Amino acid sequence: MTIHKYFYDEYYKDVSDFAHRYSKVKNPHIVGVYSSSLPMAVHLSSVMKCPLSIIKMDDSNATWLINLTDDVSVRPDKCKQFFPRLIVVDVSYGTGTTFKAIKQLPQFIQNPDYTFFSLFGNTNDDKVYYEYEQIYKEIVLPWNVMKEKYVK
């Protein structure tokens, strides 16, 4: 099996690029998928100083674990209508099942101002933007690596 080790220096550059790319977006709101991509979503939310919501996948169904998209406290001052720019981040785009299920949530149907982003992906019709072409069978993320001396 082919393995690609994704190192912290690559991750740091990608987070910086992402934050720069979306820095001018009005009302950004990071949506993380509850999986190995959650650390990245939390980090991006912190770097961009914007709200974070979390979606969990059960089979092919998406459900909100934390949904702050309607939370009045995260709205800019004196903003009567609030339409956050939902930026869904995941580590990889494979079959598209996750993103298709997320698109079915009311917050995405009612608010067409969203972006899907993954670190690793492939050409798709789901409008999922990705940083690297996924040509590897397994991607080892920096936060999933443990030194051998700590593993019993």
Side-chain angles (χ1 to χ4, degrees), residues 4 6-136 138-145:
H4 173 70
Y6 180 63
F7 293 101
Y8 270 113
D9 57 340
E10 295 171 286
Y11 172 73
Y12 182 81
K13 179 195 170 301
D14 293 338
V15 166
S16 297
D17 290 349
F18 181 96
H20 180 71
R21 182 179 309 129
Y22 293 101
S23 65
K24 302 245 190 282
V25 170
K26 189 175 180 179
N27 302 323
H29 189 112
I30 301 294
V31 178
V33 179
Y34 185 73
S35 65
S36 61
S37 63
L38 196 52
M40 178 179 71
V42 171
H43 189 189
L44 289 170
S45 173
S46 177
V47 167
M48 295 182 66
K49 296 178 177 62
C50 67
L52 169 71
S53 293
I54 302 170
I55 292 176
K56 182 178 181 186
M57 292 297 298
D58 290 315
D59 297 322
S60 295
N61 298 315
T63 55
W64 290 100
L65 282 181
I66 299 172
N67 182 3
L68 299 178
T69 60
D70 295 325
D71 187 348
V72 176
S73 69
V74 301
R75 296 179 186 182
D77 292 339
K78 300 178 184 178
C79 182
K80 293 179 183 176
Q81 287 190 320
F82 179 65
F83 298 104
R85 174 63 178 266
L86 302 173
I87 306 171
V88 181
V89 295
D90 201 358
V91 169
S92 65
Y93 171 89
T95 62
T97 304
T98 298
F99 292 104
K100 286 176 183 148
I102 291 171
K103 281 184 186 181
Q104 300 309 307
L105 292 169
Q107 292 79 1
F108 291 87
I109 293 170
Q110 296 165 5
N111 178 10
D113 195 14
Y114 58 82
T115 300
F116 289 149
F117 175 82
S118 69
L119 289 173
F120 299 90
N122 50 58
T123 304
N124 62 81
D125 294 328
D126 295 319
K127 296 183 180 176
V128 177
Y129 301 100
Y130 58 91
E131 193 68 28
Y132 304 103
E133 186 76 27
Q134 185 173 344
I135 55 174
Y136 311 101
E138 182 181 351
I139 300 163
V140 179
L141 301 167
W143 47 88
N144 291 343
V145 176

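These numbers were taken from a predicted model, which means no experiment stands behind them. What's counted below: heavy atoms across the whole structure, side chains too, no hydrogens, waters or symmetry copies.
Minimum heavy-atom separation, S60 to A101: O-CB, 3.3 Å. Looking at every heavy atom in both residues, K26 comes nearest to R85 through O-CB, 3.7 Å.
To the nearest 0.5 Å, atom CE of residue M40 and atom OG of residue S35 are 8.5 Å apart. With rounding to the nearest 0.5 Å, the separation of CD1 in I87 from CE in M48 is 5.0 Å. With rounding to the nearest 0.5 angstrom, the CG atom of L105 is 10.5 Å from the CD atom of Q110. How far OG of S118 is from CD of Q134: 7.5 Å, rounded to the nearest 0.5 Å. From F108, atom CZ reaches atom CG of D113 across 11.0 Å, with rounding to the nearest 0.5 Å. Note that the CG atom of L68 and the CD1 atom of I30 stand 12.5 Å from one another [nearest 0.5 Å].
Screening T95, D126, V128 for a side-chain contact (heavy atoms from CB on, under 4.5 Å) with K100, the sole residue that qualifies is D126. Considering Y6, Y129, Y11 as possible partners of F120, the one that fulfils the ring-ring contact (aromatic ring centres under 6.0 Å, His included) test is Y6.
A donor-acceptor contact shorter than 3.5 Å is absent between the side chain of S46 and the backbone of H43. N111 contributes a side-chain N or O that, together with a main-chain N or O of P84, makes up a donor-acceptor pair within less than 3.5 Å. A distance-only check finds no donor-acceptor pair linking the side chain of S92 to the backbone of G121 [under 3.5 Å].
There is no side-chain donor-acceptor pair under 3.5 Å between T69 and H29. No donor-acceptor contact under 3.5 angstrom links the side chains of Y130 and N124, judged on distance only. Between the side chains of S37 and D90, at least one donor-acceptor pair of N or O atoms lies under 3.5 Å.
Within a 6.0 Å sphere centred on NZ of K103, heavy atoms belonging to other residues, nucleotides or ligands number more than 12. In Y12, the OH atom is not crowded: 12 or fewer heavy atoms of neighbouring residues, nucleotides or ligands sit closer than 6.0 Å.
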Step-by-step side chain to side chain contact (heavy atoms under 4.5 Å, CB included) determination, V31 to W64: CA-CA 10 Å; V31 178; W64 290 100; 4.0 Å; yes

Would you please test I66 and L52 for side chain to side chain contact (heavy atoms under 4.5 Å, CB included) and show each step? CA-CA 8 Å; I66 299 172; L52 169 71; over 6 Å; no

How far apart are the C-alpha atoms of I102 and V33, what are their side-chain angles, what is the distance that settles it, and do they pass the side chain to side chain contact (heavy atoms under 4.5 Å, CB included) test? CA-CA 9 Å; I102 291 171; V33 179; 4.0 Å; yes

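Proximity of Y22 to P28: side-chain heavy atoms (C-beta onward) are nowhere separated by under 4.5 Å. Y132 has its side chain out of reach of H4: every pair of non-hydrogen atoms, C-beta onward, lies at least 4.5 Å apart. You'll find the side chain of F99 stays beyond 4.5 Å of the side chain of K127, heavy atoms only.
The pair D17-K13 meets the salt-bridge criterion, since a charged nitrogen lies less than 4.0 angstrom from a carboxylate oxygen.
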